[in-house]
Amino acid sequence: MIWWIILVAATLAGAWCLGYRARWHRVAAQKIGLRRDYLVGLNYLLNEEPDKAVDVFIRMLEVDSDTVETHLAVGKLFRRRGEVDRAIRIHQNLIARPQLDKSYREQSLFELGQDYLSAGVLDRAERVFLDVVDIRQYALPALKALLDIYQREKDWENAIKIAERLEKRVQDNLHPIIAHYYCELAERAFSKKQIESANQFLDKALQADSDCVRASLLRGKIEISQGDFRSALKSLKKIQSQNPDYLSEAVDGLASCYEGLSEEDKMVHYFMKLLEQYPRVPVVLILSERIRRQKGDRTAAKYVADYVRRYPSLRGLHLFINLYMSSVEGRARDDLIILQNLTKKLLADKPEYQCVSCGFSCNSLHWLCPGCRQWSTIKPLYCLES
């Protein structure tokens, strides 16, 4: 670390020398004072007191048009190294100078906002970025920073406002993200049993993005909770056209709706048809259970075996073993138990979801990836690739 501080000190000293040559008319006493400060700073470095050294170098380097760029560069270096408190001190020192040029003051203010954001001091970062968001040069990065802040703080109302402003500037479609913000508000309302508000937020989510799977899933969940199974069926079936990758998330809800309507025969017919287009293990689980109830384990196992032959998967194999075990005895059963334990262990170590952007894996669905902070990039890992 010391060698890096010495490098910074050398940079500061070089900038001072340039300023010194440009101001040759200053009195000799002032020159001696600056040199003395520089030596004091080096002494602090040698004694492994970098904080005191930084304070000396900041004092030593007079802020004017010749040196302000050096201040800004050193502040960025400190922030990139994770030494945010030092970066903050440098940028605050710049802003405190009344003679600082307006453009440099604005740049220093923006850099201070970045410092606070890196330090996780979100309230201060928010205030700074709100101050610079209307400055043309910093409007775009300030809007992006504010959007990040509001997402972290779960301030979804302000996130929507900023996303709408940002969309106009970048000429990009942020409606799918805005739909997620409305879904967050809907989930919050639903958790408080504010059904009408939740539905209003879901209406806005689907207006923003008609292909918002999350909105359809949540609407189906709300309708099931209200006993409106017919409407819930309609909401959940939309997912097939919105994004079939998430059909597995709707399977249990769909089954509950058909059962609530006492239409299990229709359910089997629908899932059979769905399985032909989108082979999904969760659908096979429900179908095999219905077959087992009606015709026994052996028939259900035969059905699953046919499925696994066409679409080999670890989860499908595990299901087949569980069903087939009840129809065998002796050594064959013992061998199946070994296979059952092996597939169970392999499945326990296998994540159920993965981000298609950064590879983050997990066992529950996150609409916002904790790894890359992108929306709708985590998808179910159907074990079709085994």
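We're numbering straight along the sequence, starting at 1.
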Evaluation steps, side-chain contact (heavy atoms from CB on, under 4.5 Å), between Lys237 and Ser235:
CA-CA 6 Å; Lys237 285 183 177 182; Ser235 296; over 6 Å; no
Donor-acceptor pair, distance only, cut-off 3.5 Å: does the side chain of Gln242 make one with the backbone of Ser210?
yes
Quick one: closest heavy-atom pair of Gly253 and Ile224, and the distance?
O-CD1, 3.7 Å
Expected output: side-chain Asn363 to main-chain Glu352 donor-acceptor under 3.5 Å
yes
What's the verdict on side-chain contact (heavy atoms from CB on, under 4.5 Å) for Gln240 and Tyr278, showing C-alpha distance, side-chain angles and the deciding distance?
CA-CA 9 Å; Gln240 183 176 348; Tyr278 310 103; 3.6 Å; yes
Give a yes or no answer on whether the side chain of Arg333 reaches the backbone of Met325 with a donor-acceptor pair at less than 3.5 Å.
yes
Salt bridge or not between Lys168 and Glu164? Use side-chain N to carboxylate O under 4.0 Å.
no
Would Arg152 and Asp148 pass as an ion pair if we require N to O under 4.0 Å?
yes
Electrostatic pair Asp306:Arg310 at N-O distance under 4.0 angstrom:
no
Ser108 and Ile95: which non-hydrogen atoms are nearest, and at how many Å?
CB-CG1, 3.8 Å
Salt bridge flag under 4.0 Å for residues Lys273 and Glu276
no
With a 4.5 Å limit on heavy-atom distance, are the side chains of Phe78 and Arg81 in contact?
no
Taking atom types as modelled and ignoring hydrogens, do the side chains of Gln151 and Trp375 form a donor-acceptor contact shorter than 3.5 angstrom?
yes
With a 3.5 Å cut-off and no angle check, do the side chains of Tyr182 and Gln207 form a donor-acceptor pair?
no
State, with a plain yes or no, whether a side-chain heavy atom of Ile239 is found less than 4.5 Å away from one of Pro244.
no
Compare every heavy atom of Val251 with every heavy atom of Phe271, then report the nearest pair and how far apart it is.
CZ-O, 4.0 Å
Should we count CD of Glu196 as having more than 12 external heavy atoms under 6.0 Å?
no
Heavy-atom count around Arg298 CZ within 6.0 Å, excluding the residue itself: above 12?
no
So does Arg105 have more than 12 non-hydrogen atoms from other groups sitting under 6.0 Å from CZ?
yes
Take Arg188 and Trp156 through the test side-chain contact (heavy atoms from CB on, under 4.5 Å) and record every step on the way to the result.
CA-CA 10 Å; Arg188 184 182 297 171; Trp156 306 116; 3.1 Å; yes
Could you tell me whether a side-chain N or O of Arg169 sits under 3.5 Å from a main-chain N or O of Leu140, the two making a donor and an acceptor?
no
Answer yes or no: is there a side-chain heavy-atom contact under 4.5 Å between Leu218 and Phe190?
yes
Are Val84 and Leu109 connected in a single hydrophobic cluster, I mean Ile/Leu/Val/Met/Phe/Trp/Tyr linked by side-chain heavy atoms less than 4.5 Å apart?
yes
Does a sphere of radius 6.0 Å around CZ in Arg331 hold more than 12 heavy atoms from other residues, nucleotides or ligands, not counting ones at 6.0 Å or beyond?
no
Cluster check Val304, Ile337: I/L/V/M/F/W/Y, side chain < 4.5 angstrom
yes
With salt bridge (Lys or Arg N to Asp or Glu O under 4.0 Å) as the test, would you mind laying out the steps for Glu187 and Lys221 before giving the verdict?
CA-CA 10 Å; Glu187 286 186 351; Lys221 182 178 178 180; over 6 Å; no
Between Leu368 and Gln374, is there a side-chain heavy-atom distance shorter than 4.5 Å?
no
List the steps, then state whether side-chain contact (heavy atoms from CB on, under 4.5 Å) holds for Arg292 with Glu289.
CA-CA 5 Å; Arg292 188 190 68 78; Glu289 176 61 21; 2.9 Å; yes
Sub-3.5 Å donor-acceptor pair from the side chain of Ser197 to the main-chain atoms of Gln194, do we have one?
no
Sole residue of Asp252, Leu247, Leu217 in side chain to side chain contact (heavy atoms under 4.5 Å, CB included) with Leu236
Leu217
Would you find a donor on one side and an acceptor on the other, under 3.5 Å apart, between the side chain of Glu223 and the backbone of Ala232?
yes
Any heavy-atom pair between the side chains of Gln340 and Asn322 that's under 4.5 Å?
yes
Output yes when Asp115 and Arg86 qualify as a salt bridge under the 4.0 Å nitrogen-oxygen rule, no when they do not.
no
Hey, are the side chains of Leu202 and Ile222 touching, using non-hydrogen atoms and a 4.5 Å cut-off?
yes
Counting only heavy atoms not in Glu329, do more than 12 fall under 6.0 Å of its CD?
no
Of all heavy-atom pairs between Met267 and Ala255, which one has the smallest distance, and what is that distance?
SD-CA, 3.7 Å
For residues Glu167 and His175, is any side-chain donor paired with an opposing acceptor at under 3.5 Å?
yes
So CD1 of Ile178 and NZ of Lys204: to nearest 0.5 Å the spacing works out to 12.5 Å
Do the side chains of Tyr116 and Phe129 get nearer than 4.5 Å, heavy atoms only?
no
So does His366 have more than 12 non-hydrogen atoms from other groups sitting under 6.0 Å from NE2?
yes
Does Ser241 use its side chain to pair, donor to acceptor, with the backbone of Lys238 at less than 3.5 Å?
yes
Which heavy-atom pair separates Phe320 from Ala301 by the least distance, and what is that distance?
CD1-O, 3.3 Å
For a ring-ring contact (aromatic ring centres under 6.0 Å, His included) check, start with the C-alpha distance between Tyr311 and Tyr307, then their side-chain angles and the critical distance, and finish with the verdict.
CA-CA 6 Å; Tyr311 308 106; Tyr307 169 83; 5.4 Å; yes
Any side chain to side chain donor-acceptor pair (under 3.5 Å) pairs touching residues 130-144, not counting sequence neighbours?
Asp134-Arg165
Test Glu263 against Arg230 for salt bridge (Lys or Arg N to Asp or Glu O under 4.0 Å), laying out the working first.
CA-CA 11 Å; Glu263 296 179 351; Arg230 190 69 64 192; 3.0 Å; yes
Please tell me whether Ser361 and Gln354 have a donor and an acceptor in their side chains that are separated by less than 3.5 angstrom.
no
Close aromatic pair by centroid cut-off 6.0 Å: Tyr246 and Trp367:
yes
What is the minimum heavy-atom distance between Pro351 and Cys362, and which atoms define it?
CB-O, 3.6 Å
Within-4.5 Å side-chain heavy-atom neighbours: Val132 and Glu106
no
Could you state whether Val128 and Phe110 fall into the same hydrophobic cluster, counting links through intermediate Ile, Leu, Val, Met, Phe, Trp or Tyr residues with side-chain heavy atoms under 4.5 angstrom apart?
yes
Quick one: does any side-chain atom of His91 pair with a main-chain N or O of Ala87 as donor and acceptor, under 3.5 Å?
yes
Please say yes or no: joined through hydrophobic side-chain contacts below 4.5 Å, possibly via intermediate residues, are Leu206 and Ile160 part of one cluster?
no
When you measure from the side chain of Ser231 to the backbone of Asp228, do you find a donor-acceptor pair of N or O atoms at a distance under 3.5 Å?
no
Do the charged groups of Glu184 and Arg214 touch, with an N to O distance under 4.0 Å?
yes
What about Ile286 and Leu319, same hydrophobic cluster or not, with Ile/Leu/Val/Met/Phe/Trp/Tyr joined at side-chain heavy-atom distances under 4.5 Å?
yes
Establish, for the pair Lys161 and Tyr181, whether the NZ or CZ atom is under 6.0 angstrom from the six-membered ring centre and no further than 45 degrees off its axis.
no
Short side-chain donor-acceptor distance under 3.5 Å, Asn93 and Arg97
yes
